[in-house]
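Below is one structure, written out as structure tokens, with a few remarks after it.
Just so it is clear, the model here is predicted, and its values are computed rather than measured. Just so you know, residue 1 is the first one in the sequence shown, and it goes up from there.
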Amino acid sequence: MSLLLDTHALLWWLSDAPALKAEARETIAEASGVVYVSAASAWEISIKKALGKLDSPDDLQAALVASHFQSLPITIVHATNAGQLPRHHDDPFDRMLIAQAQAEQLTLVTHDTMFRPYGIPIIWT
């Protein structure tokens with residue numbers, strides 16, 4: 001199973017935050033497939049960090065490499081699919097993660113219950 005980390009799950013993993021449930025932490029650590037981080041999450045982190053709303057690693061790319069995570073670029077297919085999703089959730093970063101999980105058949109690691117109506121596989125944090 002390959003995973004896609006929601007932004008908060010990534011940050012909790014990188015900071016070893018207790019908010020990341022043990023089951024989710026174990027699933028990430030022992031993933032049989034690739035663990036992906038979306039370019040959308042890097043974009044969201046960068047924006048929030050610049051606004052002073054978030055503390056994150058200064059070198060996110062190095063942190064991803066150290067954790068053996070792979071980056072997932074945003075493709076035209078991802079972008080058009082995100083725009084066509086039902087309006088259950090309007091956060092553009094989350095909509096991109098949903099579209100990427102659907103298109104790439106990934107299991108999303110999140111605590112955001114707004115993802116439920118999209119029918120994607122989820123590991124709850």
Evaluate the side-chain proximity of [Y] to [X]: yes if any heavy-atom separation is below 4.5 Å, no if none is.
X	Y	answer
Ile28	Leu5	yes
Asp55	Leu11	no
Tyr36	Gln100	no

Tell me whether [X] shares a hydrophobic cluster with [Y], the cluster being built from Ile, Leu, Val, Met, Phe, Trp, Tyr side chains joined at under 4.5 Å.
X	Y	answer
Ile98	Ile123	no
Leu3	Leu72	no
Leu54	Leu60	yes
Leu64	Ile45	yes
Val37	Trp13	yes

I need the minimum non-hydrogen distance between [X] and [Y], along with the two atoms involved.
X	Y	value
Pro117	Thr113	CD-O, 4.0 Å
Ala40	Met96	CB-CG, 3.8 Å
Ala103	His78	CB-CD2, 3.8 Å
Arg87	Gly83	NH1-O, 4.5 Å
Ser2	Gly33	OG-CA, 3.7 Å
Ala82	Ala99	N-CB, 3.5 Å

Hey, could you give me the [atom1]/[atom2] distance between [X] and [Y], rounded to the nearest 0.5 Å?
X	Y	atom1	atom2	result
Ile120	Leu108	CD1	CG	4.5 Å
Lys48	Thr7	NZ	OG1	7.0 Å
Arg116	Trp124	CZ	CH2	4.0 Å
Tyr118	His88	OH	NE2	5.5 Å
Arg25	Glu30	CZ	CD	12.5 Å
Ile47	Lys53	CD1	NZ	10.5 Å

**Prompt:** Hey, are Asp6 and His8 close enough side-chain-wise for a donor-acceptor pair under 3.5 Å?
**Reply:** yes
**Prompt:** Does the side chain of Thr125 pick up a donor-acceptor pair with the side chain of Trp12 at under 3.5 Å?
**Reply:** no
**Request:** State which residues pass ring-ring contact (aromatic ring centres under 6.0 Å, His included) with Trp43; sequence neighbours excluded, sorted by chain then number.
**Result:** Phe93
**Request:** Identify the residue among Asp91, Leu4, Thr110, Leu106 that makes a side-chain contact (heavy atoms from CB on, under 4.5 Å) with Leu97.
**Result:** Leu4
**Prompt:** Can you name the one residue among Thr107, Val35, Val34 that meets side-chain contact (heavy atoms from CB on, under 4.5 Å) with Met1?
**Reply:** Thr107
**Item:** Greater than 12 external heavy atoms within 6.0 Å of Leu51's CG
**Value:** yes
**Asked** Can Ser67 and Leu14 be said to form a side chain to side chain contact (heavy atoms under 4.5 Å, CB included), step by step?
**Response** CA-CA 8 Å; Ser67 294; Leu14 294 176; 3.6 Å; yes
**Carboxylate-amine/guanidinium proximity below 4.0 Å for Lys49 and Asp58** = yes
**Message:** Whether the side chain of Ser46 engages the backbone of Ala42 through a donor-acceptor N/O pair (distance < 3.5 Å, no angle test) should be reported.
**Reply:** no
**Request:** Check whether any side-chain N or O of Arg95 sits under 3.5 Å from a backbone N or O of Ala79 as a donor-acceptor pair, and report yes or no.
**Result:** no
